[in-house]
Amino acid sequence: MTTVPKSTEGAAGTELWRDASAPADDRVRDLMSRMSVREKVAQLSGIWVGADPTDGQVAPQHESAPKPAPWPDLIRHGVGQMTRLYGTAPVDPVAEAQVVAATQRQITANGPGIPAIVHEECLTGLAAWQAPIYPAPLSWGASFDPDLVRRMAVQIGSTMRRLGIHQGLAPVLDVTRDLRWGRTEETIAEDPYLVSTIGAAYVSGLESTGVVATLKHFAGYSTSRAGRNLAPVSIGPRELADVILPPFEAALRAGVRSVMNSYTDLDGVPSAADASLLTERLRGTYGFTGTVVSDYFAIPFLETWHKTAGSSSEAATQALAAGIDVELPNADCYGAPLLEAVESGLVHLALIDRAVERVLTQKCQLGLLDSNWSPRPPILSESEAVTKADAQPGRTAGSPLDDASTRALAAELARRSIVLLRNEAAALPLAAGARLAVVGPRANVADAMFGCYSFPRHVGLRHPDVPLGIEVDTVLDALRQDSAGYAVTFAEGCTVTGGDAETIAEAAAAARAADVCVAVLGDTAGLFGTGTSGEGCDVTDLRLPGRQGDLLDALIATGTPVVLVLLVGRPYELSRYADRLAGIVCAFFPGEEGGGAIADVLAGRTEPAGRLPVGFPAEGANQPSTYLAAALGRQNVLSPMVDQTALFPFGHGLSYNPAVWARVESTGSGTWPTDGTCRVAVTLRNTGTTATSEVVQIYLHDLVAEVARPVQLLVAAPRVDLAPGANRTVLVDLHADQTSYTGLAGRRIVDPGDVELWVGASSTDIRATLPVRLTGPRREVGFDRRFQPEVSFVEG
C-alpha cells in the first residue's frame, strides 16, 4: 500500500475512508488511492469456500468450484465477496455465524483491510439450513398481492441481516414466455405488469432491511429457443422493450442496488459481454449506479460455451468492458487472467477503477468501511441471550430462524396463492367426516412443497441423511390431522416419473372405497435434470410427468369423485381429464406451510383467493403460448389446426363465495388525455356469510396502433377484500403512460386514438368493456414514465 498525505485523514485522526461522516465519494477516492492494482482486482470477485474458525483452512463446498488456493493466498490482497457461506452445505446457522465473523476478521487483517460482502440465494426465503421456506415466485404472482410479497421480503432481509449477509440474489424478473422452460417456477407470471408490480414489491421489501437485492436475469433469459436453458434468444427489440424490460425498469425505480446478467446470448451477443445492454441501456438510459454481478460462471462461459473469447483473459476483458463489475462465484477470470490482461495492455486501468469504485461505494453504503464496523453477526448476541434464557427451568429453545411469525407469514402467502381451477357441482369444500382416499406421489412428501431454489431441493439433495431442518406437514399429514375429522387412507399410486400397473391398481382400489379421492400430483423440483421442474429441468411437452396421467385416468374410472391437487412449478395440459374431475386445486410450490394451507382450502376454512399468473394450455401440449399475443398469435382461420385458447386462462380463479359485481364504469366523458388519467370505478358486494376476495383485472385493448400489439394487456389488478355483507368500490386511476408501446421509430410512445378497457375477473371473464378515446398530441415517454395506477377504495 502507498503512503497517503495526512490531509486525507478523517475525523478523530482516522483514515478518511473509515470516516462514516465523510461523503461516500471522498471516502472511496481516498481508499482507492491507497490500493495497489492487485488489491483493486481482488475486490472484483467472490470466493466460494468455507473457513474453519479454528485453523483458517478452507475446503471447496461445491462440485463446480475448483480446488482453492491456500487460504492465506486467497485473502492476501483482500476479498470482494464471500459466496454462500450459509447456503452451500447444511450448517448450523449460529455456528456458521461464528465462521463468518472469523472469516471477516482474517480478511480485514490482510490487504487494505476491507470486509467482504457476503451473498446468498434468497428466492423462496434465505436458502440456508433451518431457514423458513416461502412459496415459490409463481405463488407470489398467484396472490396478486404485492403488499404481502413485500412483507415476505422484509422478513427474508431481516433474517439475512441477523446472519451478517449483505446481498441476496433475487428476485427473478424474467417474464414467462415458454412454459416448457424449467425455470418457469422461478418466474412470477407471464404478464409484464404483474411481474413488475410483484417484483418491485420484493425489491422494496428486501432493500428496506439494508440487504442489497439483485435483479435476475438481465435480460431475455426466459425467451430462449424452445424453452431450453441457456439457449440462444432471438427476440426482436420491440418484444425486449415492451415485454422483457419493464419489470427490470420498475425494480430499478424501486431502488435495487445490483443486477445480474443473463446467461444467454441475445441475437448472438452474450449478455455477459454486451455493453449496449449492461452499460448503455442499464446505466445510460436507466441511470443505474449500483453493481453488476455475473451469474455464476457466466464469464468463463464466454470462452467455453459462447466462444466469443479465446482465453480467460479475453473473457475477463469482454465482461469488464461490457459493464460486469463483480465475477461470481469465484475469481476464475477476474483473478490472475485479469491481471495478465492489465499487464499485457489488453485492459486499461480505467476499467478496473470504474468497477472498483462501484464495489467500494456499495460497501460504503453497507457500512463495511466504517471505523466501528463489527464482523460479528447479530445472531451471535441473540444466541447468547437465548442460551441464558434456556437455562431457566421449563424453557425450550426453538429454531433461531423459523419462528411463529415467519410461519404465520408463510401460511398467509400460501393460502392467498392457492388457485381453485374447477369445482364441479360444488364438490368442494369437502364434507366433514368424509372418507378420503389420498393418492399420488406428492401427497406424502414434505419437500413436494418446495421450489428448486429452496435449500432442501437446491443443496439438500446432496445430503440425503440430513433432516430438513424445519417442520413441514405434507398434504397427507394435514388432512389426517384436520379438525374436519376425515377418515383417510393413502396409496402412492406411482412416483413422479415412474410407477407400474400394480401400484396404480392399488390406488384405484383405495379410491373406489372412498367418498372422495384427493389426488396429489405434480413436480419434483431440482437442478440440471434432477427434477421435473427447476433450473436445467426443461421439458419437450406439457403432459403430466411420468405415469401420473395414467394414474389420474384410473382414479376417474372408479366413479368416485376425484379432486386433483397440483403441486407444480409450471402449468400442465389437463384437457384429457379436466371435465371428468370433480375439482382442481393448484398450488405453485407453496412452501413450508403449504400442506396446511391446502387442507384449509379443501375444508372451506379458507376462501380460494389465488388467480392464475400463467394460463393452463388446452389440447396441444407442445404449443408454448401465453395470453400475451397479437391477434395472429391466437386461434385464427389461417391456422385452424392449432388452437391456442387456454384451458384455464391467465387471471382465472374460482371462489366458494364469489363477489357480486354491482357496477363497472369509467368516469368523465369517455376521453383520456395522452398526458392524463382515466378513472375506472368497480363496485363489489359480498352477499355471503364468509369473507371473500376478488382481483379486479383491467386490460388494455388497443384498436389501432403503429405495430401489431397484444390483443389485451394487463394494466391494473387491485385485490379487493370483502367482509361478509360488505360493499366496496375500488377506484383505479390509470395514467396514459400505461398505454405506451414501442412504435415504428423504436421509441416508446403514447398514441392518441380509440382504446378499450376490458374489466373482469380473468383475461377471458370480462364483465364490462369501456370504450375510451386517447386525446391530445402523441407523446414520447421513457424510463421516468408511470408504471402503476393509483388505487383507492370507498367503503359502503
Side-chain angles (χ1 to χ4, degrees), residues 32 35-48 64-66 69 74 76-81 83 111 117 214 217-221 230 232-233 258-284 288-362:
M32 289 180 64
M35 298 171 69
S36 68
V37 173
R38 285 182 176 273
E39 290 169 342
K40 290 177 179 179
V41 169
Q43 292 296 309
L44 304 184
S45 62
I47 297 178
W48 199 350
S64 300
L74 285 173
R76 178 168 292 122
H77 302 290
V79 176
Q81 295 210 10
T83 295
I117 288 175
T214 307
H217 304 86
F218 195 67
Y221 193 14
L230 277 66
V233 172
S258 191
V259 173
M260 177 181 282
N261 72 284
S262 166
Y263 279 130
T264 56
D265 73 68
L266 185 59
D267 194 25
V269 181
S271 294
D274 191 347
S276 67
L277 183 69
L278 301 180
T279 296
E280 293 172 23
R281 184 185 293 271
L282 181 60
R283 297 191 184 276
F288 178 64
T289 59
T291 58
V292 176
V293 301
S294 78
D295 205 340
Y296 284 16
F297 310 108
I299 299 178
F301 289 168
L302 295 174
E303 177 188 4
T304 58
W305 286 0
H306 294 296
K307 302 296 184 180
T308 62
S311 67
S312 296
S313 291
E314 289 182 11
T317 301
Q318 290 180 12
L320 191 67
I324 292 182
D325 304 308
V326 180
E327 180 182 14
L328 299 180
N330 295 307
D332 296 319
C333 295
Y334 278 17
L338 181 55
L339 286 168
E340 292 171 8
V342 172
E343 292 168 359
S344 67
L346 197 60
V347 169
H348 195 279
L349 282 175
L351 285 178
I352 303 287
D353 285 347
R354 181 181 73 173
V356 172
E357 182 178 357
R358 293 166 181 166
V359 169
L360 294 180
T361 297
Q362 195 154 92

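What you are looking at is a predicted structure, and each value in this text was computed from that prediction instead of being measured.
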ask   = Any side-chain heavy-atom pair from Val79 and Leu74 closer than 4.5 angstrom?
value = no
Donor-acceptor pairs under 3.5 angstrom involving side-chain atoms of residues 314-327: please list them, not counting sequence neighbours.
unit_1 : atom_1 : unit_2 : atom_2 : d
Glu314 : OE1    : Gly310 : N      : 2.6
Thr317 : OG1    : Ser313 : O      : 2.8
Gln318 : OE1    : Thr308 : OG1    : 2.9
Gln318 : NE2    : Thr308 : O      : 2.5
Asp325 : OD1    : Arg358 : NH1    : 2.9
Asp325 : OD2    : Arg283 : NH2    : 2.9
Asp325 : OD2    : Val292 : N      : 2.9
Glu327 : OE1    : Asp332 : N      : 3.4
Glu327 : OE1    : Cys333 : N      : 2.9
Glu327 : OE1    : Tyr334 : N      : 2.6
Glu327 : OE2    : Cys333 : N      : 3.2

inquiry  = Could you report the tightest heavy-atom contact between Val259 and Phe218, atom names first, then the distance?
reply    = CG1-CB, 3.6 Å
request  = Measure across Leu277 and Ala219 and return the closest heavy-atom pair with its distance rounded to 0.1 Å.
outcome  = CD2-N, 3.8 Å
inquiry  = Working note: Leu230 + Tyr221, criterion side chain to side chain contact (heavy atoms under 4.5 Å, CB included); need CA distance, chi angles, decisive distance, verdict.
reply    = CA-CA 7 Å; Leu230 277 66; Tyr221 193 14; 3.3 Å; yes
task = Just jot down the side chain to side chain donor-acceptor pair (under 3.5 Å) partners of Glu303, sequence neighbours excluded, or say none.
result = Ser312
ask   = What closest approach, in Å, do Leu328 and Ser294 show between heavy atoms, and which atom pair accounts for it?
value = N-OG, 2.9 Å
message = Tell me whether Asp265 contacts the main-chain N or O of Pro232 through its side chain, where contact means a donor paired with an acceptor under 3.5 Å.
response = no
remark   = Residues passing the ring pair (Phe, Tyr, Trp, His ring centres under 6.0 Å) test with Tyr263, sequence neighbours excluded, are Phe301
task = Applying side chain to side chain contact (heavy atoms under 4.5 Å, CB included), run through Asn330 and Tyr296 and close with a yes or a no.
result = CA-CA 8 Å; Asn330 295 307; Tyr296 284 16; over 6 Å; no
ask   = Looking at residues at least two apart in the chain, or sitting in another chain, which of them share a side chain to side chain donor-acceptor pair (under 3.5 Å) with Thr304?
value = none
request  = Identify the two heavy atoms, one from Ala273 and one from Leu302, that lie closest to each other, and give their separation to 0.1 Å.
outcome  = CB-CD2, 4.0 Å
ask   = Roughly how far, to the nearest 0.5 Å, is CG of Leu278 from CD of Glu280?
value = 10.0 Å
inquiry  = How long is the straight-line distance from CZ of Phe297 back to CH2 of Trp305, given to the nearest 0.5 Å?
reply    = 10.0 Å
message = The criterion is side chain to side chain donor-acceptor pair (under 3.5 Å); which residues satisfy it with Thr291, sequence neighbours excluded?
response = Ser258, Gln362
inquiry  = Tell me every residue that passes side chain to side chain contact (heavy atoms under 4.5 Å, CB included) with Asp267, counting only those two or more places apart in sequence or in another chain.
reply    = none
key: Side-chain donor or acceptor of Ser344 paired with backbone N/O of Ala341 under 3.5 Å   = yes
inquiry  = I need the Asn261 CG to Leu282 CG distance, nearest 0.5 Å.
reply    = 11.0 Å
inquiry  = Tell me every residue that passes ring pair (Phe, Tyr, Trp, His ring centres under 6.0 Å) with Phe288, counting only those two or more places apart in sequence or in another chain.
reply    = none
key: Test log, rule side chain to side chain contact (heavy atoms under 4.5 Å, CB included), inputs Val41 and Ile352   = CA-CA 7 Å; Val41 169; Ile352 303 287; 4.1 Å; yes
request  = Examine distances only and state if a side-chain atom of Thr264 and a backbone atom of Val233 form a donor-acceptor pair shorter than 3.5 Å.
outcome  = no
query = With sequence neighbours excluded, what pairs up with Arg76 under the side chain to side chain donor-acceptor pair (under 3.5 Å) test?
reply = Asp73
query = What pairs meet the salt bridge (Lys or Arg N to Asp or Glu O under 4.0 Å) rule with one or both residues in residues 342-355, with sequence neighbours excluded?
reply = Lys40-Asp353
